[in-house]
Amino acid sequence: MARERLYLFDTTLRDGAQTNGVDFTLADKLTIARLLDELGIDYIEAGYPGANPIDTDFFSERRAMKARLTAFGMTRRPGRSASNDPGLVALLDAHADAICFVAKSWDYHVRVAIETTEEEALASIRDSVRAAKAKGREVLLDCEHFFDGYKAKPDFALACAQAAYDEGARWVVLCDTNGGTLPHEVERIVGEVCEKIPGDHIGIHAHNDTEQAVANTFAAVRSGARQIQGTLNGLGERCGNANLVSIIPTLKLKSEYADKFETGVSDEALGRLARVSHAVDELLNRAANRHAPYVGESAFATKAGIHASAIMKEPATYEHIAPERVGNRRKLLVSDQAGRSNVLAELERIGLAVDKDDPRVIRLLDEVKEREAIGYAYESADASFELLARRLLGKVPHYFEVDKFDVNVEQRNNAKGERVTVSQAVVKIKVGGQELISVAEGIGPVNALDLALRKDLGEYQSYIKGLELTDYRVRILNGGTQAVTRVLIESADETGERWTTVGVSANIIDASFQALMDSIVYKLVKSGAPA
Ligand SMILES: [Zn+2]
């Protein structure tokens, strides 16, 4: 049976740009647009030309993409003609393949927010769609507050959708702008709309205010909608938009959808999904959500030993899909609850396969248990576990030695008479008989120590050039007689690989130093630096 086409519309660069704390530069926008295009997204809504300089710049020239680049904007203002509305004129001049207009479809908003009549609101939709069609653009209409509007006054909400469709808009998008609609309501209302307007002209735009944006999206598809709007990692105003990173694998891997529909995302592109998701976090300088469905670090993690042995024999016992399909991997957590099978599986994954009866496996397991008892957490620090295992098997070269380090924090008045706190670190290391001393200032003591450590590693410097600290987490543990500090450091390098290392000590600087050292040594091992 031929599968029906579902269209994916990404609004990371428009609705996602409304996320608290997110500020895209033009370069960021171009990078994300490229990622989306390579993923096989059909429409990329890149911004609101005329509303801010970055979006205006984005649309000031034609950008070559397979996807249809879409500019967002308002329908003509009430009481003006289309040609006499500068906002609309700028939108029509933007170098875009498609234009997505937004119009209010809730009578309450028409009255209170834009203070006009329903007739004028409908005329504005018709005129705007007509003007964009005349310019040769594909046209979409976002019916803002559609679901609330439909509940309040269905005739008017429907009339907005119908007006756009009758004028030749390719898509009429039903928006749950306030995000409060529930899946059973979406299913019913979209079903009713699809009796008037064919579903292959209907889109869904769901917000996540009841954490059901993804569920609402699927409810709409079940009722006939054939365009899905969403964002990468669910970015978006307030609680975010429907998360395409969760929606895409469900569409492609769950038979209810996969048997019925096809999208522009190939299997090969799906295999890069985790990387795309992490690339966006990286760009925003955010730590990736470990518990994100499909792509999170914990999405396929198993802790208990008994599950682990089952998973090794038959992965389907505890996994709803094969992690590789979305570019993720199975993770057997090595911890004090772990059995021998977790350790063996993890050793095999990192290329250190040993015989299952090798006595060193038990030694490693004992070592993990002992160290976890004093605060280490290897299940969160895969790179530190790998180093522990390699050291036990005699597979970590002696690269360099830190002879001593010194970190100081000083508070004083600067030249302008302002109170400032300055951190400075001095590190003395020995590399191949050579003694090196590095000094660095940082925004805090750990930052200063990190910079000083990585400033001059002699012959190894070229191997750690791309090394970057991406996340730093501290926890005070109250175990036994005294509190200890656990530091987890996440690092990344030029290949995009990320790893986490751990340090534990009564002293936070010492704990950080251990984790930093593990990260550097891990990078050297991984890069094949000679001993
Ligand atoms: Zn929205």
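What you see is a predicted model; the values in this text were computed from it and never measured. First listed ligand is number 1; within each ligand, the first listed atom is number 1.
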query: Cationic tip of R68 within the cone over Y43's six-membered ring, i.e. under 6.0 Å and within 45° of the normal?
result: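 So R68 does make the cation-pi contact.
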message: Show every ring-ring contact (aromatic ring centres under 6.0 Å, His included) that has at least one partner inside residues 203-258, sequence neighbours left out.
response: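 Pairs touching residues 203-258 that pass the test: H205-H207, F218-Y257.
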Pairs satisfying ring-ring contact (aromatic ring centres under 6.0 Å, His included), at least one member in residues 44-70, at least two apart: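 Those involving residues 44-70 are Y48-F72.
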- prompt: Can you say whether the rings of H145 and H109 are parallel (under 30°), tilted (30 to 60°) or perpendicular (over 60°)?
  reply: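 Judged by the thresholds at 30° and 60°, the geometry between H145 and H109 is parallel.
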Determine all donor-acceptor pairs shorter than 3.5 Å in which one atom belongs to a side chain in residues 88-101; sequence neighbours excluded.
residue, atom, partner, partner atom, Å
D93, OD1, K135, NZ, 3.2
D97, OD1, R62, NH1, 3.1
D97, OD2, L69, N, 2.8

field: N447 (side chain) donor-acceptor with I443 (main chain) under 3.5 angstrom
entry: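 Yes; judged by distance alone, with no hydrogens or angles, the pair exists.
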task: Anything protein N/O/S under 2.8 Å from the Zn ion (ligand 1)? Just list residue and atom, please.
output: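 Listed by chain and number, the nearby protein N, O or S atoms are D15 OD2, H205 NE2, H207 NE2.
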